[in-house]
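In this chain, numbering begins with 1 at the start of the sequence shown. Excluded from the calculations below are hydrogen atoms, water molecules and symmetry mates; all remaining heavy atoms, backbone and side chain alike, are included. Remember, it's a predicted structure, so these values are computed and weren't measured experimentally.
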Amino acid sequence: MPDGFTVMEIPLGEPFSTLELIAWNGRPIIGTPLKREFLPPPHPGRYDASNQPIREFYPRQARYYLTLLNAMAVRDAPDFLRTTEGRSLPILLGLAQTFLAPAHEARFVNCPGGWAARARAKNCYPRGDEVFLGWKGSNEFAREDTMNAFNEVLRTWFERADGRLPMRFWHIYQVRLGDYDSNAVSFPVLPTVGYELPDGDFMRHRLFSSQPWSANAHTHWYPKALKADRERAKGYLRQMPERTGYMVVPLAVSKEDLSDLRRWSDTPLHVGRAKLYSSLALDRLVHDFGQIDVAAWQRTQVDRPILE
C-alpha cells in the first residue's frame with residue numbers, strides 16, 4: 001500500500017472477532033480509494049476469492065464500522081434495530097455473519113465457517129419471503145428466535161462498547177476537475193472513485209445519507225467547486241495535469257453528541273478542514289478548502305423529527 005496507509009485491526013470483544021479497516025495516518029478510512037493491487041488479503045476465512053473479491057471486503061468492513069457507529073448513536077431510540085422492521089433484518093444477519101467469533105458462529109448462524117463455507121452451502125441468506133434464512137433453526141419460528149437472541153447479545157455489546165470503536169476517521173476519495181467555469185470563476189469538483197458511502201438501509205440516515213452529493217445528504221456540504229482566477233486555475237492544472245486528485249475530509253463523532261441525535265438537522269459529525277491533494281501519496285497539497293461550516297448548513301434544514 002502507499003506510504004501512510006495500513007490495515008487497522010480493531011478487536012471488538014466477545015462474542016465478536018475483529019474489524020479490519022484501511023487506515024491512513026492511524027485513522028480508519030471510509031470510501032476507500034485504493035485499487036485492488038494495493039489491498040492486502042484479509043485473514044484466512046474472512047473472505048473467499050470466488051465469492052467476495054478483495055476489493056469488496058474492505059468497503060464492506062467500513063460499511064459495518066459506520067453501521068455500528070450509527071447504531072451507537074440511536075441505541076436508545078424506538079427503532080434501533082427493530083426486528084419488526086424489514087430493513088433491520090439483513091443488518092443483523094450481516095453483523096452476525098461478518099463479526100461473530102468462530103466459537104459463537106455455530107450458536108447463531110446457519111452457515112458458520114466464513115465466506116468460503118457460505119459460498120458452497122445453501123440457506124445461508126434470506127430469499128423471497130423466507131426472511132429468516134441464514135439463522136440457526138429447524139423452522140422459521142426457531143430461526144426468528146435465534147435472530148432475536150442475537151439482537152439481545154448485540155444490545156448487551158453496545159452497553160459496554162465505549163472505547164472499542166475509533167471515533168475519528170477520514171473520508172478520502174478521488175475527484176476530477178471539470179472544465180473551468182469563467183462565470184463562476186471556479187472548477188467543478190467531481191467525485192470519481194471512493195466517494196460512495198453505504199446505502200440508507202445500512203446507515204439509517206443518521207450520520208450520512210447515501211451519497212455526499214445527494215441533495216438530502218448530511219454530506220452535501222462537501223467541497224464541490226475550486227474557486228480560482230484564470231491564472232491561478234492554470235497553476236492548478238499544472239499541479240494536476242490529469243485533472244485528478246484526492247480529497248481528504250477529516251471526520252469525528254463525539255460520544256457526548258450521540259444521545260442528542262433526534263432530528264434531521266442534528267448530526268453528531270464534526271468536520272475538519274477539507275484538503276485536495278494531487279496524488280494518492282497525499283504529500284502534495286493542491287488546495288486547503290478550510291473548515292467546513294456544518295452549523296451554517298444545519299440552519300438551512302427543515303427541523304423535523306427523524307424518529308417517528
Side-chain angles (χ1 to χ4, degrees), residues 1-13 16-49 51-72 91 94-95 97-101 114-116 161 163-176 191-199 202-203 207-208 210-212 219 222 244-253 269-285:
M1 289 190 288
D3 290 344
F5 289 88
T6 59
V7 175
M8 176 182 288
E9 295 187 19
I10 303 167
L12 296 178
F16 301 109
S17 55
T18 59
L19 185 63
E20 295 180 53
L21 300 171
I22 301 297
W24 179 65
N25 283 356
R27 294 188 199 173
I29 298 170
I30 60 173
T32 304
L34 298 179
K35 296 180 179 179
R36 178 174 180 173
E37 56 264 29
F38 292 131
L39 298 173
H43 289 302
R46 299 213 67 181
Y47 91 113
D48 177 70
N51 186 50
Q52 188 190 30
I54 190 172
R55 66 178 177 272
E56 297 175 8
F57 175 82
Y58 291 106
R60 182 182 177 88
Q61 293 277 298
R63 179 166 67 239
Y64 279 117
Y65 162 55
L66 291 179
T67 298
L68 292 172
L69 282 182
N70 272 268
M72 289 178 65
I91 301 175
L95 288 170
Q97 291 180 334
T98 303
F99 295 118
L100 277 174
W115 296 108
R164 293 193 184 276
L165 296 177
M167 307 298 274
R168 299 166 68 86
F169 49 97
W170 307 101
H171 191 184
I172 301 178
Y173 54 96
Q174 190 183 69
V175 298
R176 179 178 62 83
T192 55
V193 177
Y195 73 94
E196 297 92 346
L197 291 175
D199 58 49
F202 278 90
M203 298 308 299
L207 298 185
F208 298 99
S210 52
Q211 300 300 340
T219 46
Y222 276 20
T244 59
Y246 289 84
M247 191 76 73
V248 177
V249 182
L251 302 168
V253 176
L269 279 176
H270 297 267
V271 187
R273 305 176 70 91
K275 296 181 180 181
L276 176 63
Y277 292 85
S278 60
S279 73
L280 191 53
L282 304 180
D283 57 357
R284 295 193 298 275
L285 179 67

So CG of Leu21 and OH of Tyr58: to nearest 0.5 Å the spacing works out to 9.5 Å

If only atom types and distance count, is the side chain of Thr18 paired as donor or acceptor with the main-chain N or O of Glu9 below 3.5 Å? no

Is the shortest heavy-atom distance from the side chain of Tyr173 to the side chain of Val249 under 4.5 Å? yes

Compare every heavy atom of Gly94 with every heavy atom of Tyr64, then report the nearest pair and how far apart it is. OH-CA, 3.0 Å

Can a donor-acceptor pair be found, under 3.5 Å and without considering hydrogens, that links the side chain of Gln61 to the backbone of Glu20? yes

Of all the heavy-atom pairs spanning Arg164 and Leu12, show the shortest one and how long it is. CD-O, 3.0 Å

Nearest heavy atoms of Pro250 and Trp170, plus distance in Å: CB-CZ3, 3.5 Å

Give a yes or no answer on whether the side chain of Thr244 reaches the backbone of Val175 with a donor-acceptor pair at less than 3.5 Å. no

Testing the basics here: between Gly245 and Leu276, what is the closest heavy-atom pair and its distance to 0.1 Å? C-CD1, 4.1 Å

Are Leu251 and Ile30 close enough that some pair of their side-chain heavy atoms sits under 4.5 Å apart? yes

What is the minimum heavy-atom distance between Tyr65 and Pro166, and which atoms define it? OH-O, 2.6 Å

Between CH2 on residue Trp24 and CD1 on residue Ile172, distance to nearest 0.5 Å: 5.5 Å

Taking all non-hydrogen atoms of both residues, which atom of Phe5 and which atom of Ile22 are closest, and how far apart? CD2-CG2, 4.3 Å

Any side-chain heavy-atom pair of Gln174 and Tyr246 under 4.5 Å: yes

